[in-house]
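Structure, as structure tokens:
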Amino acid sequence: MRVLIFLIFLSSSATATSAQETKRNFFVQANGWTIYTTGTAACYAFNRDPVEFDASPYNALQFRQAFGSKGIQIRVMLWPGAVAKKGSDTLVLQVDKQPEIYLPVELNGDEFSLEASLGESHLETLKFGQGLDARSGSSVQVLFNLAALKKTLSYLEWCSK
């Protein structure tokens, strides 16, 4: 009986320890980017300071990478009312006047942002670019500086491992 109680205690301790190990804290600010996580699911990279972003969450660029994943999502925050709330749209990206990249987007109910998964070739194009023009298939265009993105994505990858 004592052995059984000990085994139950041991298994519950191991579960609690592994749950604590998966919760991570990470925060880096470099070259105008903020890379962080405070949870158990993913890491984020924003092109704006958190205080500034909280005051006005528009005209911003975010990358998201789930823990243990190689896939990265891009989220472009436009302006209020720039995106339909329902249905689908297209996120159009153009890096340094190269051919446009068209990414399908399912709209999530907010009226100002578009989020899509990036393929490996898209990531390579973004990493080595200097400027990004982004827009929805039917809305206003926003511009972003990508000069420090390669280093930012390496922090994001490090955070999500």
Side-chain angles (χ1 to χ4, degrees), residues 21-85 87-161:
E21 289 173 354
T22 59
K23 180 163 175 43
R24 305 175 190 186
N25 291 311
F26 185 92
F27 186 87
V28 172
Q29 287 185 300
N31 301 313
W33 286 84
T34 303
I35 305 95
Y36 72 94
T37 188
T38 58
T40 60
C43 293
Y44 301 88
F46 273 97
N47 71 327
R48 305 224 336 249
D49 181 86
V51 173
E52 177 189 324
F53 180 79
D54 283 347
S56 176
Y58 311 114
N59 193 23
L61 183 61
Q62 174 196 45
F63 293 90
R64 177 185 181 279
Q65 185 169 14
F67 291 163
S69 171
K70 294 209 182 280
I72 293 180
Q73 285 77 41
I74 185 172
R75 183 176 179 206
V76 176
M77 283 145 271
L78 303 165
W79 297 102
V83 176
K85 289 186 178 184
S88 61
D89 203 338
T90 302
L91 177 57
V92 183
L93 306 175
Q94 186 177 30
V95 180
D96 299 336
K97 306 295 180 197
Q98 294 182 33
E100 291 179 332
I101 300 168
Y102 296 89
L103 302 171
V105 174
E106 288 300 317
L107 300 174
N108 61 10
D110 82 39
E111 60 180 14
F112 68 93
S113 72
L114 298 169
E115 186 171 356
S117 295
L118 291 170
E120 194 61 40
S121 64
H122 302 140
L123 275 172
E124 289 303 310
T125 301
L126 289 165
K127 279 182 192 178
F128 296 102
Q130 294 297 307
L132 172 66
D133 298 346
R135 63 182 168 82
S136 79
S138 60
S139 88
V140 70
Q141 181 176 12
V142 289
L143 308 172
F144 301 106
N145 180 347
L146 298 180
L149 186 61
K150 185 175 180 184
K151 182 71 171 173
T152 299
L153 291 176
S154 68
Y155 279 125
L156 187 67
E157 182 180 355
W158 184 35
C159 171
S160 68
K161 284 185 177 181

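Start at 1 with the first residue, then count along the sequence. Worth knowing before you read on, the calculation uses all heavy atoms, side chains too, and leaves out hydrogens, waters and symmetry mates.
Under a 3.5 Å cut-off, the side chain of Arg48 and the backbone N or O of Tyr58 do form a donor-acceptor pair. In this structure, the side chain of Thr90 does not engage the main chain of Val92 through any donor-acceptor pair within 3.5 Å. Remark: the backbone N or O of Phe128 is not paired with any side-chain donor or acceptor of Glu124 at under 3.5 angstrom. With Asn47 contributing its side chain and Ala60 its backbone, the two residues share no donor-acceptor pair below 3.5 Å. A donor-acceptor distance shorter than 3.5 angstrom exists from the side chain of Ser154 to the backbone of Lys151, with no hydrogens or angles considered. The main-chain N or O of Ala147 is found under 3.5 Å from a side-chain atom of Asn145 such that the two form a donor-acceptor pair. A side-chain donor-acceptor contact under 3.5 Å links Gln94 to the backbone of Gln98. The closest donor-acceptor contact from the side chain of Thr152 to the backbone of Ala148 lies under 3.5 Å. The backbone N or O of Ser121 sits less than 3.5 Å from a side-chain atom of Thr125, completing a donor-acceptor pair.
In this structure, CZ on Arg75 lies 4.5 Å from CE on Met77, to the nearest 0.5 angstrom. Distance check: Leu123 CG to Glu157 CD gives 10.0 Å after rounding to the nearest 0.5 Å. A distance of 9.5 Å separates OG1 in Thr37 from CZ in Arg64, rounded to the nearest 0.5 Å. Taking CD of Gln65 as the start and CG of Leu118 as the end, the distance is 11.0 Å to the nearest 0.5 Å. Here OG of Ser160 is found 10.5 Å from CG of Leu153. Values are rounded to the nearest 0.5 Å.
Between Phe46 and Phe53, the distance separating the two ring centers is shorter than 6.0 angstrom. Side-chain rings of Phe26 and Trp158 approach one another, their centers coming within less than 6.0 Å.
Taking 4.5 Å as the limit, some side-chain heavy atom of Gln62 sits within range of a side-chain heavy atom of Tyr44. Taking the side chain as every heavy atom from C-beta outward, Asp96 and Leu146 never approach each other to under 4.5 Å. With a 4.5 Å cut-off on side-chain heavy atoms, Phe63 and Leu149 count as touching. The side-chain heavy atoms of Ser136 and Leu78, taken from C-beta on, include a pair separated by under 4.5 Å. No side-chain heavy atom of Tyr36 sits under 4.5 Å from any side-chain heavy atom of Cys43. The side-chain heavy atoms of Leu103 and His122, taken from C-beta on, include a pair separated by under 4.5 Å.
Between Gln141 and Asp133, the side chains place a donor N or O and an acceptor N or O closer than 3.5 Å (distance only, hydrogens not considered). Using modelled atom types and a 3.5 Å distance limit, the side chains of Gln29 and Asp49 yield a donor-acceptor pair.
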Can Ile74 and Leu93 be said to form a side-chain contact (heavy atoms from CB on, under 4.5 Å), step by step? CA-CA 10 Å; Ile74 185 172; Leu93 306 175; 4.0 Å; yes
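Residues Ala30 and Tyr155 share a closest heavy-atom pair of CB-CE1, 4.0 Å. Contact between Phe144 and Ala134 at its shortest, heavy atoms only, is CE1-CB, 4.1 Å. Between Gln73 and Ser117, the shortest heavy-atom contact is NE2-OG, 3.6 Å.
Between Glu100 and Arg135, at least one side-chain N (NZ, or NE/NH1/NH2) sits under 4.0 Å from a carboxylate O, which counts as a salt bridge.
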